[in-house]
Number of protein chains: 4
Amino acid sequence: MNKESTGGRPISAQASAALKEAALRLVRAKGYNKVSIAVIAKEAGVARQTLYNRWNTKADLVLDALFEEAQNYAAAPSLNDTRDSRVLLEEFLTNVFHHLTDNGDMMRALIAAAQIDRAFHDTFYAKFVLPRDRMITDLLRLAQTRGEFSSDRNAELVSGFIHGAFWYRLLNRKALNADFARAIISEFFD
Amino acid sequence: MNKESTGGRPISAQASAALKEAALRLVRAKGYNKVSIAVIAKEAGVARQTLYNRWNTKADLVLDALFEEAQNYAAAPSLNDTRDSRVLLEEFLTNVFHHLTDNGDMMRALIAAAQIDRAFHDTFYAKFVLPRDRMITDLLRLAQTRGEFSSDRNAELVSGFIHGAFWYRLLNRKALNADFARAIISEFFD
Amino acid sequence: MNKESTGGRPISAQASAALKEAALRLVRAKGYNKVSIAVIAKEAGVARQTLYNRWNTKADLVLDALFEEAQNYAAAPSLNDTRDSRVLLEEFLTNVFHHLTDNGDMMRALIAAAQIDRAFHDTFYAKFVLPRDRMITDLLRLAQTRGEFSSDRNAELVSGFIHGAFWYRLLNRKALNADFARAIISEFFD
Amino acid sequence: MNKESTGGRPISAQASAALKEAALRLVRAKGYNKVSIAVIAKEAGVARQTLYNRWNTKADLVLDALFEEAQNYAAAPSLNDTRDSRVLLEEFLTNVFHHLTDNGDMMRALIAAAQIDRAFHDTFYAKFVLPRDRMITDLLRLAQTRGEFSSDRNAELVSGFIHGAFWYRLLNRKALNADFARAIISEFFD
DNA sequence: GTCTAAGCGAGACGGTACGTCAGGTCTTGCT
DNA sequence: AGCAAGACCTGACGTACCGTCTCGCTTAGAC
């Protein structure tokens, strides 16, 4: 259901793109909370008000930028892949861990922002957390149909356990590496 | 090595207590980030500088206050308790979940603060996270000596999994209740 | 000299009228500087740019609107009126004071705008102040030909004194009433 | 009646002085409404909030600065001066006109600000307009006791007329010179 | 008993960032 | 070519905190 446009200047896709690009670049360079909204706008060569026209907070902008960037990655494991589920999960986790290692500060900042701002929490959960949670749930269910993961287990619950496992390490600034991915596999794939 | 006192007015224990009390009360009433340092000081009837004399940040103060309050609870499961380890762990988790249910916003705020401020992260981890992590590690090791938990398992790792499980739910604002405690037990025991 | 029309959509007289009407109404209702250009345009159901096509500033628009409205009043004293000049002037001043009492805020705002914006000052002076100044000058000169006002006096100067007298009261938010009109008469008609 | 100080860092006279000096200098150099609060504060080397601690608006600050500066002038005509009242008034008006010629833009801006902001109007009237009005009223009353000004005249009213006369010229950007001072004298004396 | 060092309440100070608002300019499609 | 709609840039505004500082006062051990 599109908004019925009855005229008016169209919003500038260029401005949005410049803002997202600047936001990610600055946040990666200086750290999330060392970057102000004003600086992002100035760096993007865009008026501050234009930023407020699209996003309510810095977190909204960064989440949006990160989300868009993530679209370019083959994020979800393919459910048509015939390799063993353990392999698929390990591959997926390894990918995620690479991403988290590169963007750890940003992810921690976004999770922090979600704790502070209820409205942002809801967006963050719906757009970021839940979809990723579902990817593992779906993978586990696939594994169950294949007989590689016990049908007695609650896939949703286990997906939460898996996410919790690496969130806990992320938030406590512990390394997320291939070893840990394997540890998770051998814990939950009995 | 004590600081050599060569005179001067002693610090007021009353001021510290009033600050901690006010901090917890206000944070519980209005939410962590709706309370400013200035308001806590004013509510405690104390000068702002007096607060800075003791703590560097609001998070430090609140952590300290919360930590002190927690001392009054029998936090750690007794290792002399002869009941089944499953029961001990379930009891412990249920206690923790009660506490988290009452102080969820504050705990989320502290975890958020730890993501934003590296110095606070270190204090928070050392004074809060690690000790609690150890309680479960120790309990699991006890269970191993009793033969109630497989000696092949890495107690430290599993403790991290358990904490991750409820951190993930805490941070995503899901309920933490007795059912979830039991789900954890049956996931990780056997 | 009419603008040579080379085709295109004609100017909408309706839009201009709606803008003037909305401007006066809103300024009277909410006060001059509580009303923005955007609000006037929206209230008139007109695009903001359309307003800019005709007037440069809010002050220009309001002045124009006020000026037009004033056309409907028999503003200047008739020079064919055979009554005593004192009576004519008193009647004129009383009329002016009524108008100023009703539109005091707007007039003060216009005078203020003229102090702030040089270009507006010139328009305001030429279209509003000077014509009204001349009305009294002319009246005084008539009185001189009739022998009701000393021919030695400088009519232009005295007109300035008279206007100054009520501007000073207007700008200092003092009442402008019939008593004051009489006081002026007896001061300057010796 | 001093404010009862109950402790706290004393306000910095230096900061206030720097702000007033910067305000007058910038306003004289660039014009009242081309100077923002932020620029004044920056030019004074003072935090913006410090300015807000003392004055509510730019107009308040500038009025204060101008008022203070005026203290250094022998503003009011001495009532012990035995010269003819006409001479005293002429001298006073000439002084005022010099001041207004130098600070015309600022004075027009302050009068404009008083029309826009009711709170500022009251301050401006009480601290600036009324005292100056009284100076002439007092002078006229002195002239009455000396028999140099008819006792039948209402000194207060005439003072208003005199002020109105030069306000009107000031606000319409006409020259205020010695000739006009003399014209006023000869209008209202005898 | 003075001296001295430090804690304390109070509150001003220099800063940074925020979100809002108004004014003017532009771009689009419609009339 | 005027118009409605509305996004855009600019720049000022007032507020909220932050952490530091400067007072005058008080506390209590040292001399």
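Worth saying up front: this structure is predicted, and the values here are computed from it rather than measured. In the text below, chain A, chain B and the rest are named by the order of the sequence lines, each starting its count at 1.
Residue pairs satisfying the side-chain hydrogen bond (donor to acceptor under 3.5 Å, both in side chains) criterion with at least one member in residues 33-45 of chain B, sequence neighbours excluded, are listed as follows: B:R25-B:E43. Within the structure, salt bridge (charged side-chain N to carboxylate O under 4.0 Å, His left out) contacts touching residues 104-121 of chain B (residues at least two apart or in different chains) are B:R118-B:D122.
Note on D:R9: every side-chain N or O is 4.0 Å or more away from OP1 and OP2 of F:dC23.
A search for side-chain hydrogen bond (donor to acceptor under 3.5 Å, both in side chains) contacts involving C:K127 returns C:D64, not counting sequence neighbours. Under the salt bridge (Lys or Arg N to Asp or Glu O under 4.0 Å) criterion, A:R28 pairs with A:E69, sequence neighbours left out. D:F128 pairs by the ring pair (Phe, Tyr, Trp, His ring centres under 6.0 Å) definition with D:F124, not counting sequence neighbours. Checked against side-chain contact (heavy atoms from CB on, under 4.5 Å), D:N172 has the following partners two or more places apart in sequence or in another chain: C:H121, C:Y125, C:V129, C:W167, D:Y168, D:K174.
The stretch residues 33-64 of chain B touches DNA chain F through B:S36, B:I37, B:A38, B:R48, B:Q49, B:Y52, each having a heavy atom within less than 4.0 Å of the strand. Proximity of residues 10-27 of chain D to DNA chain E (heavy atom under 4.0 angstrom from any strand atom) is restricted to D:I11, D:S12.
Note: C:L110 CG to D:Q115 CD = 11.0 Å, rounded to the nearest 0.5 Å.
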Name each donor-acceptor pair under 3.5 Å that joins a side chain in residues 44-54 of chain B to protein atoms two or more places apart or in another chain, with its distance.
{"unit_1": "B:Q49", "atom_1": "NE2", "unit_2": "B:N53", "atom_2": "OD1", "d": "3.2"}
{"unit_1": "B:R54", "atom_1": "NE", "unit_2": "B:S16", "atom_2": "OG", "d": "2.3"}
{"unit_1": "B:R54", "atom_1": "NH1", "unit_2": "B:T50", "atom_2": "O", "d": "3.2"}
{"unit_1": "B:R54", "atom_1": "NH2", "unit_2": "B:S12", "atom_2": "O", "d": "3.3"}

